[in-house]
Amino acid sequence: MNNHPKFADIILPLPLAGVFTYSIPGELQTELAIGKRVVVPLGSKKMYTGIVQSLHSNAPDDYQTKDILSCLDHFPIINHIQLKFWDWISQYYQAVLGDVYKAAVPSGLKLESQTKITLNEAFMAEKALSKSEDQILDILGNSKDVSIASLNQATGLKNTLPQIKSLLEKGAVFVEEQISSNYKEKKQEYVCLHSDFSEEQIGDILDGLKRAKKQQELLYSYLNLSKHYFEDIPEKVSSNDLLQASNCSRAILKSLVEKNILKFYFEKLDRLDLSETPLRGLKQLNQHQEKAIHEIRENFEEQNCVLLHGVTSSGKTEIYIHLIEEQIKQGNQVLYLLPEIALTTQIINRLKSVFGNKVGVYHSKFNDAERVEIYNNVLENKSDKAYQVILGVRSSVFLPFSKLGLIIVDEEHENTYKQFDPSPRYHARDAALYLANLHGAKTLLGTATPAVESYYNAQTGKYGLVELFKRHQEIEMPEIIVADIKEARRKKMMKSIFSPELMAHMTESLENKEQIILFQNRRGYAPYLECKSCGWVPHCPNCSVSLTYHRHNNLLVCHYCGHGMAPPNNCDHCRSTGMEDRGFGTEKIEEELLSYFPEARVGRMDLDTTRKKNAYEKLIYKFEKQELDILVGTQMVSKGLDFDHVGLVGILNADSMLNYPDFRAYERSFQMMAQVSGRAGRKKKRGKVLIQTYTPDHEIIKNVVKNDYFEMYSSQLSERKEYIYPPFYRLINISLKHKNQRLVNEAANYLAQSLRKIFGIRVFGPQSPVINRIQNSFIVNILLKIEKKSSPAKAKWILNQQANFLKEIEKFKSIQIHFDVDPM
DNA sequence: GTGGTGTTCTAA
DNA sequence: TAGAACACCACA
């Protein structure tokens, strides 16, 4: 007997509660360790890559364990801090561990299982085989191993499993579960001289190529590019570069290789750009920044988290850079969180110019191979080529940091930090605070318009607070003009969606060669189509929303489930042919602009135009280089972008944000308008912001005009207190889902009632959300508001218990229930 | 019976 | 989550 652990608890990438216990075969006993990946069988044929969560020797008594098949790692790929972090996420946000694992690890590290079948060459049939069995053997005879999926395809049968099973029993074939990795290193092909020719020899070779002019040329280009006889170590020449420089085809290069004059070699290529950028040192901070950074340092002595409230263009990034520099010097890692990929473009350049290849970027537009590379880089944390600074979106909190010193959460008020679908529904800002805690690191939240919750935490001393109200480089705060579109409509002075004020300012800006940003929070062409005679509006067949018309592909699209259909020629109701588009999406605004300002160069930035990997960068680059005069966009344009030549910002419809039925609608409208306004302004001239609204007297609009964050904050705070909302209460949304509307309502009523018996008036609802049907399932919500000081863990425990009670009732057992902790 | 389809259960 | 098991129905 040895005292190696006999069993391992494994986290599987499935939405299942808990871990699964497997037995450890002898040969793996010394190899296994917590945090390593293992391959385990589940069910009759599936295999998964799981993570070892713990090792022990307690045999489970109610089931037979299966063996772990293999261990994939020499070193753990998940460290202890991460496992603790996963636990916290799973507890706090009520997600199963498997979901956390799926979210945390790039899928290239979670290998895929594929069953492969091989022919048994020695097999002799005793009895006649069936037709399809023969067919399968034929196919296997031709190729070495074939997956079941491709067998199905080749035979034209829907499912070859029964045949394979019978062939297996007869001993005709073998099944081999093969784990294949999706991740392949990218290799670059290089060219060099076949052997160390002396200068004389190379002269002879060139002479010998007299009759092959192209080959001679190519060799000359190679010698030029590599500087072979000029430098001690010749430069690396990739085949691509060589072919381009010499303007030759690959065939010519190949013939030189065949003549043993040149040869190919390969090198692993880091997908991530590690090229040295010229380092530009730190910029000198101005006195206000200097004061702020001093205060931040002071606050960090006592506090783990500091909120930096600095107006737009106050130079927060420069402060971050100075703080990052300090951490790097101490050999610590830094995580710099941004709300979305969009923002990385501008900031990455600034960070790279200071920290060069110590900066890594992590976001969802990277393909999986790139993500694996970053993950491994952070994991290995090799002193010479490690990314010490990671710039990333919310999922970067899951990277395998070992020595975090500082987390910066930029634009901390952004709601894109909250993940909604799929689970885990975590908030990256709040998760970052916990993560920092685990590492003993500090957290800096930065924004021009703090979330009410964060500012409250700062006011009550939970966070340190540092404020910075001076814009750098003498940029003045913009002038904000409110245009009353109700009045303009009445007087029939609107030009489509543009008020006379906006038209006038746009004309002026274009004449002055100043750029314009127009903001409309609605993508597509028209929010909906409407029948002129009866008012019928086409709706999504799966969800309870109207379909948005997209002109460029002439489709009606559902923005919830992605359902698309051709717009109907006739009204479904009255059969009349008068379908008309209503409202304005970014696409239509772009079109209207061109009719009013035919010379203007207009660009559009929304989900539809930035789907491709570099589309966003290209748009921003074009706008920066003033190749565009007007940029129309959704909220994407509001987020922390800095342009130097924007004279005018137009908010086309402020009311759509204000009227949104959510307790955060006012706060968010203020943040949005204040952020968009921040884009206006140039070095020497005061920028203008024009807000179009039906309600010019609205308090939030007034707050925006006065740029008065505090008034917005205090009025919101008292409202939150009165109507029991965060930051005074913690919210948990319980969402019930089912295809049958009657049933889901009944279940929700039942659950709400039983919750009321425990939580009393803290239970709200059940309530149907505005969009109460998504992908054919009806949704009902129950909202639980619990006091900040009471234990959230206990409340969640009771919630789970009650949800389980509900599921025990026969008719309710197919109801789907999920929790959203701190919903947005 | 049998084949097709939809629903529920279970995995270690 | 995916597959296996089951339940149900229509049809011969």
Side-chain angles (χ1 to χ4, degrees), chain A residues 5-25 28-29 32 34 36-71 90 94-105 107 109-117 132 147-149 151-152 156-166 168-169 175 177 179-180 182 421-425 542 737-740 743-744 747 775-778 803-804 806-818:
Chain A
K6 301 272 181 306
F7 299 98
D9 287 350
I10 308 295
I11 305 168
L12 291 175
L14 294 172
L16 300 171
V19 287
F20 279 50
T21 305
Y22 287 85
S23 37
I24 306 170
L28 289 181
Q29 279 181 350
L32 276 198
I34 291 172
K36 285 189 182 181
R37 288 174 303 158
V38 289
V39 179
V40 291
L42 184 76
S44 55
K45 57 159 65 74
K46 273 259 133 191
M47 295 202 303
Y48 291 95
T49 310
I51 302 287
V52 180
Q53 190 215 35
S54 61
L55 298 165
H56 58 84
S57 291
N58 316 319
D61 44 15
D62 48 350
Y63 55 86
Q64 190 67 45
T65 54
K66 285 186 184 169
D67 269 359
I68 290 173
L69 297 175
S70 64
C71 177
S90 133
Q94 294 290 291
V96 297
L97 214 44
D99 279 339
V100 182
Y101 166 35
K102 277 209 286 191
V105 177
S107 45
L109 292 172
K110 294 170 285 191
L111 306 165
E112 225 173 52
S113 103
Q114 247 184 334
T115 315
K116 296 243 173 148
I117 316 291
S132 42
S147 73
I148 294 183
L151 263 183
N152 289 344
L157 295 168
K158 259 195 188 155
N159 186 7
T160 49
L161 263 184
Q163 286 86 349
I164 292 166
K165 252 188 193 156
S166 103
L168 257 178
E169 282 157 14
V175 169
E177 273 284 351
I179 295 268
S180 64
N182 290 328
D421 224 21
S423 168
R425 300 181 173 80
N542 311 319
K737 226 165 138 184
H738 198 267
K739 289 210 171 87
N740 181 336
L743 194 71
V744 75
Q775 300 197 30
N776 281 324
S777 281
F778 288 91
N804 288 335
L806 180 85
K807 289 250 195 177
E808 277 168 23
I809 299 168
E810 186 61 29
K811 60 178 172 180
F812 292 146
K813 66 183 172 194
S814 60
I815 301 255
Q816 293 174 56
I817 303 176
H818 71 236

Chemist: Rounded to the nearest Å, what distance is computed from the NZ atom of residue A:Lys807 to the P atom of nucleotide B:dT8?
Modeler: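 The distance from NZ of A:Lys807 to P of B:dT8 comes to 11 Å, rounded to the nearest Å.
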
Chemist: Expressed as a whole number of angstroms, how long is the span from A:Leu42:CG to C:dA4:C1'?
Modeler: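 The answer, rounded to whole Å, is 13 Å.
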
Chemist: State which residues pass side-chain contact (heavy atoms from CB on, under 4.5 Å) with A:Thr21; sequence neighbours excluded, sorted by chain then number.
Modeler: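 By the side-chain contact (heavy atoms from CB on, under 4.5 Å) rule, A:Thr21 matches A:Phe7, A:Asp9, A:His56, A:Pro60, A:Tyr63, A:Thr65.
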
Chemist: It should be established whether A:Lys813 places a side-chain nitrogen or oxygen under 4.0 Å from OP1 or OP2 of nucleotide B:dC9.
Modeler: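 Yes, such a contact exists.
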
Chemist: Can you tell which of B:dA12, C:dT1, B:dT8 lies closest to the side chain of A:Ser814?
Modeler: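 Closest nucleotide among those given: B:dT8.
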
Chemist: Test of understanding: with side-chain contact (heavy atoms from CB on, under 4.5 Å), list the residues that count as partners of A:Ala747, not counting sequence neighbours.
Modeler: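 If we apply the side-chain contact (heavy atoms from CB on, under 4.5 Å) test to A:Ala747, skipping adjacent residues, the hits are A:Leu736, A:Leu806, A:Phe812, A:Ile815.
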
Chemist: Taking C-beta and beyond as the side chain, do A:Ile10 and A:Val52 meet within less than 4.5 Å on heavy atoms?
Modeler: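 A:Ile10 reaches A:Val52 side chain to side chain.
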
Chemist: Just the rounded figure in Å: distance from C1' of C:dT1 to CE of A:Met47.
Modeler: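 Between C1' of C:dT1 and CE of A:Met47: 16 Å.
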
Chemist: If I take atom NZ in residue A:Lys811 and atom C1' in nucleotide B:dT7, what distance separates them, rounded to the nearest angstrom?
Modeler: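 So the NZ-C1' distance, A:Lys811 to B:dT7, works out to 19 Å.
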
Chemist: Can you sort out which residues in residues 7-25 of chain A have a heavy atom within less than 4.0 Å of DNA chain C? Ascending by number, please.
Modeler: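 Going residue by residue through residues 7-25 of chain A, the ones with a heavy atom under 4.0 Å of DNA chain C turn out to be A:Leu14, A:Pro15, A:Leu16.
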
Chemist: Round to the nearest Å and state the distance from A:Asn740 atom CG to B:dG6 atom P.
Modeler: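 After rounding, the gap between these two atoms is 17 Å.
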
Chemist: Taking side chain as C-beta onward, heavy atoms only, is A:Tyr22 less than 4.5 Å from A:Leu42?
Modeler: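 In short, these two side chains touch, coming nearer than 4.5 Å.
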
Chemist: What I'd like to find out is whether the side chain of A:Pro422 reaches to under 4.5 Å of the side chain of A:Asp99, using heavy atoms alone.
Modeler: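 A:Pro422 vs A:Asp99: side chains apart.
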
Chemist: If only side-chain N and O atoms of A:Lys66 are considered, is one of them under 4.0 Å from the OP1 or OP2 phosphate oxygen of B:dA12?
Modeler: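 Answer is yes, contact under 4.0 Å.
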
Chemist: Tell me, do A:Leu55 and A:Ile24 make a side-chain contact under 4.5 Å, heavy atoms counted?
Modeler: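 Yes, side chains in contact.
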
Chemist: List the residues meeting side-chain contact (heavy atoms from CB on, under 4.5 Å) with A:Leu16, not counting sequence neighbours, and say none if there are none.
Modeler: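 A:Leu16 satisfies side-chain contact (heavy atoms from CB on, under 4.5 Å) with A:Leu14, A:Phe20 only.
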
Chemist: List the residues meeting side-chain contact (heavy atoms from CB on, under 4.5 Å) with A:Pro25, not counting sequence neighbours, and say none if there are none.
Modeler: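 Testing A:Pro25 for side-chain contact (heavy atoms from CB on, under 4.5 Å), a comparison that skips the adjacent residues, returns A:Glu27, A:Leu28, A:Asp67, A:Ile68.
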
Chemist: Within this structure, what is the CD1-to-P distance between A:Ile51 and B:dA12, rounded to whole angstrom?
Modeler: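 Interatomic distance, CD1 of A:Ile51 to P of B:dA12: 19 Å.
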
Chemist: Using the side-chain contact (heavy atoms from CB on, under 4.5 Å) rule, take A:Val105 and A:Arg37 through it: C-alpha gap first, then chi angles, then the decisive distance, then the call.
Modeler: CA-CA 11 Å; A:Val105 177; A:Arg37 288 174 303 158; 5.9 Å; no

Chemist: Quick check on contacts: within residues 55-64 of chain A, what sits under 4.0 Å from DNA chain B by heavy-atom distance?
Modeler: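 Residues of residues 55-64 of chain A under 4.0 Å from DNA chain B: A:Tyr63, A:Gln64.
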
